[in-house]
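This chain uses plain numbering: 1 for the first residue, then up along the sequence. Keep in mind the model is a prediction, meaning the values are calculated, not measured.
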Amino acid sequence: MDQDGTRQQEEYHRPVLVEEVARLLAPALPGLVIDATFGGGGHSRRLLDEFGDDLTIIGIDRDPEALANAGAVGVVPIQGNFDDLAHML
């Protein structure tokens, strides 16, 4: 764990295609992003690094541990499954 108590991303989850996702979403951002499989938050962190305060991200995951530090990185956490997306929002 790092100094603020969050698990280092590399230990928990290594996201794939992060740069490709950021490039493809860039024309539609900033705005609202729903990360419906938040996991370790790698994609959300990457987008927040680029768009910062102009971006709102809602992170959804079934695993409470995955969401435990979402707020610390600027993500609004919702525990649930992406199958229930319409009901959660």
Chemist: State plainly whether one hydrophobic cluster holds both Leu29 and Val75, where clusters connect Ile, Leu, Val, Met, Phe, Trp and Tyr through side-chain heavy atoms under 4.5 angstrom apart.
Modeler: yes
Chemist: Does Glu50 come within less than 4.0 Å of Arg46, counting only side-chain N to carboxylate O?
Modeler: yes
Chemist: Locate the shortest heavy-atom distance separating Gly39 from Ala66; write the atom from each residue and the value.
Modeler: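 Smallest heavy-atom distance, with atoms named: O-CB, 3.3 Å.
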Chemist: For the atom pair CD1 (Ile78) and CG (Asp61), what is the distance rounded to the nearest 0.5 Å?
Modeler: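 Going from the CD1 atom of Ile78 to the CG atom of Asp61 covers 11.5 Å.
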Chemist: About how many Å separate CD1 of Ile58 and CG of Leu32, when rounded to the nearest 0.5 Å?
Modeler: 5.0 Å
Chemist: Testing the basics here: between Met88 and Gly80, what is the closest heavy-atom pair and its distance to 0.1 Å?
Modeler: SD-CA, 3.9 Å
Chemist: Shortest non-hydrogen contact from Arg45 to Val73?
Modeler: NE-CG1, 3.6 Å
Chemist: Give the cluster check for Phe82 versus Val33: same hydrophobic cluster or not, with ILVMFWY residues linked at side-chain heavy-atom distances below 4.5 Å.
Modeler: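 Different clusters.
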Chemist: Quick one: does Ser44's side chain get under 4.5 Å of Phe38's, heavy atoms only?
Modeler: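 The answer is yes; the side chains approach within 4.5 Å.
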Chemist: Enter the distance from Asn81:CG to His87:NE2 here, rounded to the nearest 0.5 Å.
Modeler: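 That separation rounds to 12.5 Å.
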Chemist: With Arg62, which residues qualify under salt bridge (Lys or Arg N to Asp or Glu O under 4.0 Å), at least two apart?
Modeler: none
Chemist: Looking only at heavy atoms, what is the nearest atom pair of Val18 and Gly42, with distance?
Modeler: CG1-O, 4.3 Å
Chemist: So, taking the atom named CG in Leu47 and the one named CG in Leu25, what distance separates them when rounded to the nearest 0.5 Å?
Modeler: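 One gets 6.0 Å once the value is rounded to the nearest 0.5 Å.
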Chemist: Would you indicate whether Asp83, at its atom CG, is surrounded by more than 12 heavy atoms from other residues, nucleotides or ligands within a distance under 6.0 Å?
Modeler: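 Atom CG in Asp83 is packed in, count exceeds 12.
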Chemist: Distance from Asp35 atom CG to Ile60 atom CD1, nearest 0.5 Å?
Modeler: 8.5 Å
